[in-house]
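The basis for the numbers below is simple: all heavy atoms, side chains too, and nothing from hydrogens, waters or symmetry mates.
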Amino acid sequence: MLTLRLVRRFGTGSHLAAAKGAIASSGTGNTSNKAFISKRKRVKVDEPALIRLKKEKNTEKLFQLFKENAHNKIVIENRYVFEDTVSRLAGAGRFDYIENLLEHQKTLPQGRREGFIVRIIMLYGKAGMIQNAVKTFYDMHLYGCPRTVKSFNAALKVLTQSHDLEAIESFLQDVPEKFSINIDILSVNTVISSFCEMGILEKAYLFMVEMEKFGITPDVFTYTILISAFYKANRWQIGDGLWNLMARKGCMPNVATFNVRIQFMVNMGFAWEANKLLQLMKRIGITPDEATYNLVIKGFFLIDNLHMAKRIYSALCGAGFKPNSRIYQTMIHYLSKAGEFDLAYSLCKESMKNNWFPSSDIINRILEGLCKDGTEEKTGKARFLVILAKKKIPPFPAETLSVMWSIIACS
């Protein structure tokens, strides 16, 4: 049993003077007024640092350019530039450059802001430099930066990436007391999520129970994480128990919680039960999302109930949703598999016009189904599908398109 002792808890332009000139006569009858204007000098204007950083491809030059702009607020306060630079340096394996840049940033005025140090911690985490991230947290006082549960949660989040149970438990036991930090529900959910990823589900559940004793009430995210983990482990009894416990505690499930339970029902072949949950969501005022509808549609396809699958799809469109790539994928795949080639064709055409393209295997299956009929109308539909397939970016290989045309030619 994990025990915690809790105490307290960011060119100027140059001016050209106009010269006053005298009016001169050419003496040839062709008179004109000429002003003596000083010639403009072309001034080279450097591109903004943000653009130069984005365009720079050379790793060493990127490092130097960022270092030169260490005091440039436009660069420093831009999260994208920080993340993109660190990501590219990490991709090149230049962790020494990352450390150099981030350590330098800590010593500057921005290093006294907790929000900025949290960013440094998370950037070290994204680069996989976990020790640097945790050390940054421990050293915050050296930069005159206060610690709160915000920076604690950032360091904890990065530390859980290691899946080092001993290190995580040690951090939880020592840090809150040492720095007078009260952990919060985000801390708890981070730990529970990590334990679930490591497969130690009992420990995750017991941690929730223990934290509740310290006055930290589980929220909908806590329950959703645990319910999902137990269902994925096929331990549905505990998953159902947690669902019931959540209801007894007065914690209202959200869309994600319902989707987790519906996913489990679909996996078990309980399509009608999944549909009942979809209807329950509507009754209690929770709007199902595209994922909810897609899961229920798939559930009915899996039990070969095409009629209900198509009804749920119609309900999705009736609710004002536009099918996304996953819904197109589900509908087209199972319709073509069931021999419903006309509807599969319509959805395939629609999806490709919306820039989502099924796999070549599914397109070929639809082409074969349409051409099998032998009518000119359906052969024309097959040709149109291939014309749309040619517009894919990145394109299908020439050999793939050649196979599609050969299917039509053989009809």
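Within the structure, salt bridge (charged side-chain N to carboxylate O under 4.0 Å, His left out) contacts touching residues 237-259 (residues at least two apart or in different chains) are Glu212-Lys249, Asp240-Arg261. For residues 90-108, the pairs satisfying salt bridge (charged side-chain N to carboxylate O under 4.0 Å, His left out) are Arg94-Asp96, Glu103-Lys106, with sequence neighbours left out.
Taking the six-membered ring where the residue is Trp, Phe116 and Phe82 present perpendicular rings, their angle passing 60° and hence far from 30°. Aromatic ring orientation, His104 versus His71: perpendicular (interplanar angle above 60°, classes split at 30° and 60°). Classified by interplanar angle (parallel below 30°, tilted 30° to 60°, perpendicular above 60°), the ring pair Phe300/Trp272 is perpendicular. Note on ring orientation: taking the six-membered ring where Trp is involved, the planes of Phe171 and Phe152 are parallel (angle under 30°, cut-offs 30° and 60°).
More than 12 heavy-atom neighbours from other residues, nucleotides or ligands sit within 6.0 angstrom of CH2 on Trp356.
Cation-pi check for Arg112 over Tyr143 is not met; the charged atom does not lie both under 6.0 angstrom from the ring centroid and within 45 degrees of its normal. Within the cation-pi definition used here (under 6.0 Å to the ring centroid, within 45° of the axis), Lys381 does not qualify as a partner of Phe384.
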Legend entry - Verdict with supporting geometry, Asp184 and Ser187, side-chain hydrogen bond (donor to acceptor under 3.5 Å, both in side chains): CA-CA 5 Å; Asp184 59 13; Ser187 318; 2.9 Å; yes
Inset, instruction - I would like to know whether Tyr97 and Glu60 meet side-chain contact (heavy atoms from CB on, under 4.5 Å); could you show each step before the answer? - result: CA-CA 8 Å; Tyr97 283 173; Glu60 187 169 347; 3.5 Å; yes
Inset, instruction - Determine, stepwise, if the pair Asn78 / Leu50 fulfils side-chain contact (heavy atoms from CB on, under 4.5 Å). - result: CA-CA 9 Å; Asn78 190 301; Leu50 292 177; 3.9 Å; yes
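Residues meeting the side chain to side chain contact (heavy atoms under 4.5 Å, CB included) test with Lys232, sequence neighbours left out: Ser228.
Separation of the Trp243 and Phe258 ring centroids falls under the 6.0 Å cut-off.
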